[in-house]
Enquirer: 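Got a structure here, written out as structure tokens. Questions coming.
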Amino acid sequence: MRALIAGNWKMHGLAASRGEISALVAKMKAAAPTDCDVLICPPATLVAAFAAEFSGGPIQFGGQDCHGEPSGAHTGDISAEMFADASAAFVIVGHSERRANHNESDAEVRGKAEAVLRAGLTPIICVGESEAERKAGKALDIVGGQLEQSLPETSEDFVIAYEPVWAIGTGLTPTLADIAEMHAFIRAKTREDVRILYGGSVKPGNAEDILAIDNVNGALVGGASLKADDFYKIVMAAGGKQ
Ligand code: 13P
């Protein structure tokens, strides 16, 4: 399966950040072609401009969240159709920061994932347990419940991202054995052709080990996706992975 290395810029980046994309494209073009897909999800304000400037290149662009409806009286929200119109290829849904800061339920996340498919794009559906849940030995139960209730009921293409909440932005990661256990568990609950990404403090220094784990089909990268140098190293770590 072709790996997907996705960068989630979160609420970081201005028009001038095009320089990081430009640097990443230059590095990728100078190296042997990478056999993985590379995606950057910048703030929504930048998707259309980046997709236009870098169209036909080795990087795809995506949104970080969307509304479930195609249009309507929802001030400040952005629909999946609008991301399609901006030439996005993917939209992240159900990120733990959305679940925590905006009280998004599993049912809402499923609605958003279905909206992304309706718009002809690919959803990246995030799941993951909190630190307390992991310590209580409930990580598999929590993720299992999230999967049951937030995956779309479809045979269309979607991506799952396992992001333990306590590993996001902390520099902490589960052990390789814990990642392997969770990804095997997620695989057993979904199809063979669904890509399962790991996210949470993926850095150039740990990417190769994490990406070598069975059923880890790529990474969802936060902080280390903001700088072309770091992100490129993670892309290269995925280079040989099938
Ligand atoms: P960090 O890579 O900064 O830990 O963030 C992970 C994440 O939340 C990606 O969606």
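Start at 1 and go down the list; that is how both ligands and their atoms are numbered. Side-chain atoms are counted along with the backbone in the values below, which use heavy atoms only and exclude waters and symmetry mates. One-based numbering along the sequence shown.
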Enquirer: Output yes when Asp193 and Arg191 qualify as a salt bridge under the 4.0 Å nitrogen-oxygen rule, no when they do not.
Expert: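 Here Asp193 pairs with Arg191 in a salt bridge, since their nearest N and O are under 4.0 Å apart.
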Enquirer: Every pair of nitrogen or oxygen atoms between ligand 1 and the protein that is under 3.5 angstrom apart - can you list them with their distances to 0.1 Å?
Expert:
unit_1: ligand 1; atom_1: 2 (O); unit_2: Gly222; atom_2: N; d: 2.9
unit_1: ligand 1; atom_1: 3 (O); unit_2: Gly223; atom_2: N; d: 2.8
unit_1: ligand 1; atom_1: 4 (O); unit_2: Gly169; atom_2: N; d: 2.6
unit_1: ligand 1; atom_1: 4 (O); unit_2: Ser201; atom_2: N; d: 2.8
unit_1: ligand 1; atom_1: 5 (O); unit_2: Lys10; atom_2: NZ; d: 3.4
unit_1: ligand 1; atom_1: 8 (O); unit_2: Lys10; atom_2: NZ; d: 2.8
unit_1: ligand 1; atom_1: 8 (O); unit_2: His95; atom_2: NE2; d: 2.8
unit_1: ligand 1; atom_1: 8 (O); unit_2: Glu163; atom_2: OE1; d: 3.4
unit_1: ligand 1; atom_1: 10 (O); unit_2: Asn8; atom_2: ND2; d: 3.0
unit_1: ligand 1; atom_1: 10 (O); unit_2: His95; atom_2: NE2; d: 2.9
unit_1: ligand 1; atom_1: 10 (O); unit_2: Glu163; atom_2: OE1; d: 3.2
unit_1: ligand 1; atom_1: 10 (O); unit_2: Glu163; atom_2: OE2; d: 2.9

Enquirer: Do Glu129 and Tyr162 get their side chains close enough for a donor-acceptor pair, meaning under 3.5 Å?
Expert: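 A donor-acceptor contact under 3.5 Å links the two side chains.
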Enquirer: Taking CD in Glu133 as the centre, count heavy atoms belonging to other residues, nucleotides or ligands within less than 6.0 Å. Is the count above 12?
Expert: yes
Enquirer: Rest of the hydrophobic cluster containing Trp166 (Ile/Leu/Val/Met/Phe/Trp/Tyr, side-chain heavy atoms under 4.5 Å)?
Expert: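 Hydrophobic cluster check, Trp166: joined to Leu172.
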Enquirer: So which pairs with a foot in residues 45-63 pass side-chain hydrogen bond (donor to acceptor under 3.5 Å, both in side chains), sequence neighbours left out?
Expert: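 Listed by first then second residue: Arg18-Glu53.
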Enquirer: Run the side-chain contact (heavy atoms from CB on, under 4.5 Å) test against Asp65 and tell me which residues pass, sequence neighbours left out.
Expert: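 Listed in chain order: Arg98, Glu104, Lys112.
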